[in-house]
Amino acid sequence: MTTLSPAPRDPRMPRLPTSDAFREFMASGWGEPDRTARVTPGAAEAAADHRRMLSARFPRETLVVASGRSAVRSNDTEFGFRPHSDFAWLTGCAAEAAVLVMRPGSASDGASGHDAVLYLTEPAYAGDEAFYTDALRGELWVGAAPGLDDWASALQIDVRSLAMLPDDLLAIHTAVLSAGASEPALSEAGIDEPSPLLEQALSDLKLVKDEWEIAQLRAAVDATVAGFSAVVAELPAALAGGGERWLQATFDRHSRQGANGVGYTTVMGSGPNAATLHWSRSDGPVSEDHLVLLDAGVEVDTLYTADVTRVFPASGTFSPAQRRVYELVLEARAAALSVLRPGGLFSDFQQAAHDVIARGLHSWGILPGTLEEALSPEGQYHRRYAICGNGHHLGLDVHDCAKTSEELYLRAPLVPGMVLTVEPGIYFHANDLTLPEELRGIGVRIEDDLLITESGYENLSGALPVEVADVEAWVRALTR
Ligand code: GLY
Ligand code: MN
Ligand code: MN
């Protein structure tokens, strides 16, 4: 009697026979696909540098960092896979179900550094039943899959099969610290809890970007700048009925066409929706009288992302009320940029922008009480209209280095090589009854990506227009 294999994906799918005849038929008659392991030039060398930096922090511990697995979307379908950023930073690799293990060298003082081994899910080729039955490893399911040796030479690191990981871990007698995503092969070896110490160290080390990382971020920002113009050029289609969905999808298509995709869900908010910080629902209309907010970033193949925001009038001309709000945000932006320099504190530019917004809103009669009351630590009434921070570190994650300490983030002096966003904004909700009617439903954020340099900063997204006249000219030129 012929037995049937379990259906790999869909329970309605007819099961495959497990007969010798079928197995033999499936094992041969396949040509060799191109199994080149593609790695961006410089990625392997940058990752090796990152491992050296981490090794010096933990000379005696074994360090384990997993890439993770696709999250279930529903039932037997999954979201697209994107590796954990700490794993990517240490390996230059984007593989799913993979684990980096760094074992301390033999010298008792740890001076010999760590030996790194990358454990990868071994692909299954023709001749192995998993070739056609395993949706994670089978080449018939996933497409041409480089082998472990191909990855070893492309990534310049020792590679072993993930199947060997649990046994290899049992043979380790030093303390083990883990970070990255969860991974069943680690759970099998009793390693379930990430180490806050290791996670924080990784965030600390990522605060200052090296030359290769800066080049990746430049590429991400350049692609993003082009994407913004692509979106503005589609305003007529959005006005004709495509709405926010059309513009959001335009940026997303642009991101996928020229790079890995978006670095986070694109926020496209038109008119009153612009005042909602995370309006990624983006299913509203776009009208002639709307100010349109786009907060979006392209993630390049090495997984570094940009994070840029511009607002623009759909008609090509700001209304007086829109312009008034926009110009106050511009003023806050100028104040923030004026204190952005090496040696300045991260919190300085945050504060500078908030001060301008507080003073501006007070002068418009919007804040209760005196200016002093509004600015006092207990007051901070302007924050009702500017609820989010004015910037953050940027890198592999849009909110990069999130696990570092407050001392190293907010209260630390900026140093050359840091990349961060400056993003002051004012968000006047449509249903905020504290506001004069003409200001309700106006949301403005201006967000740029800045590299701290020896002498100050470089605005990586400076190619996008920001002054009122330039934004209007941009919209008119692209929608004529
Ligand atoms: N797009 C997320 C942020 O601006 O922080
Ligand atoms: Mn941001
Ligand atoms: Mn943003």
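As the structure lists them, so they are numbered: ligands from 1, and atoms in each ligand from 1. Because only heavy atoms are used, hydrogens play no part in the values below, and waters and symmetry mates are left out as well, while side chains stay in.
Annotation for ligand 1: atoms under 4.0 Å from non-hydrogen atoms of His392 are 3 (C), 4 (O), 5 (O). Below 4.0 Å from some heavy atom of His399 lie the following atoms of ligand 1, by number and element: 2 (C), 3 (C), 5 (O). Per-residue contacts place Glu423 under 4.0 angstrom from the following atoms of ligand 1 (heavy atoms of the residue considered): 3 (C), 4 (O), 5 (O). The atoms of ligand 1 that sit less than 4.0 Å from any heavy atom of Tyr264 are 1 (N). Near Glu447, with a cut-off below 4.0 Å to any heavy atom, the atoms of ligand 1 are 4 (O).
Side chain of Ser280 to main chain of Thr266: no donor-acceptor pair is present (N/O by atom type, distance under 3.5 Å, no hydrogens or angles).
Arg445 and Asp295 are joined by a salt bridge, as a carboxylate oxygen and a charged side-chain nitrogen come within less than 4.0 angstrom of each other.
The nearest N, O or S atom of Glu423 is not closer to the Mn ion (ligand 3) than 2.8 Å. Contact annotation: Asp295 places no N, O or S atom under 2.8 Å from the Mn ion (ligand 2). Not a single N/O/S atom of His399, whether from backbone or side chain, sits less than 2.8 Å from the Mn ion (ligand 2).
Inclusion of Arg445 in the set of residues having an N or O under 3.5 Å from an N or O of ligand 1 is not warranted.
Nearest protein heavy-atom neighbour of atom 3 (C) of ligand 1: Asp307 OD2, 3.3 Å.
Looking at Asp307 and the Mn ion (ligand 3) together, the shortest N, O or S contact belongs to OD1. Minimum-distance N/O/S atom of Glu447 relative to the Mn ion (ligand 3): OE1.
The local environment of CZ in Arg281 is sparse, with at most 12 non-hydrogen atoms from other residues, nucleotides or ligands closer than 6.0 Å. Annotation for Glu407: atom CD counts as buried by contact number, over 12 foreign heavy atoms lying within 6.0 Å.
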Next item on the list: Take His354 and His382 through the ring-ring contact (aromatic ring centres under 6.0 Å, His included) test and state the conclusion after the steps.
Entry: CA-CA 8 Å; His354 271 144; His382 59 288; 5.7 Å; yes
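Relative orientation of the His254 and Phe251 rings is tilted, given thresholds of 30° and 60° on the angle between their planes.
A cation-pi geometry, defined here as NZ or CZ lying under 6.0 Å from the six-membered ring centre and within 45° of its normal, does not hold between Arg310 and Trp474.
Separation of atoms CG (Leu337) and CZ (Phe349) is listed at 9.0 Å; rounding is to 0.5 Å.
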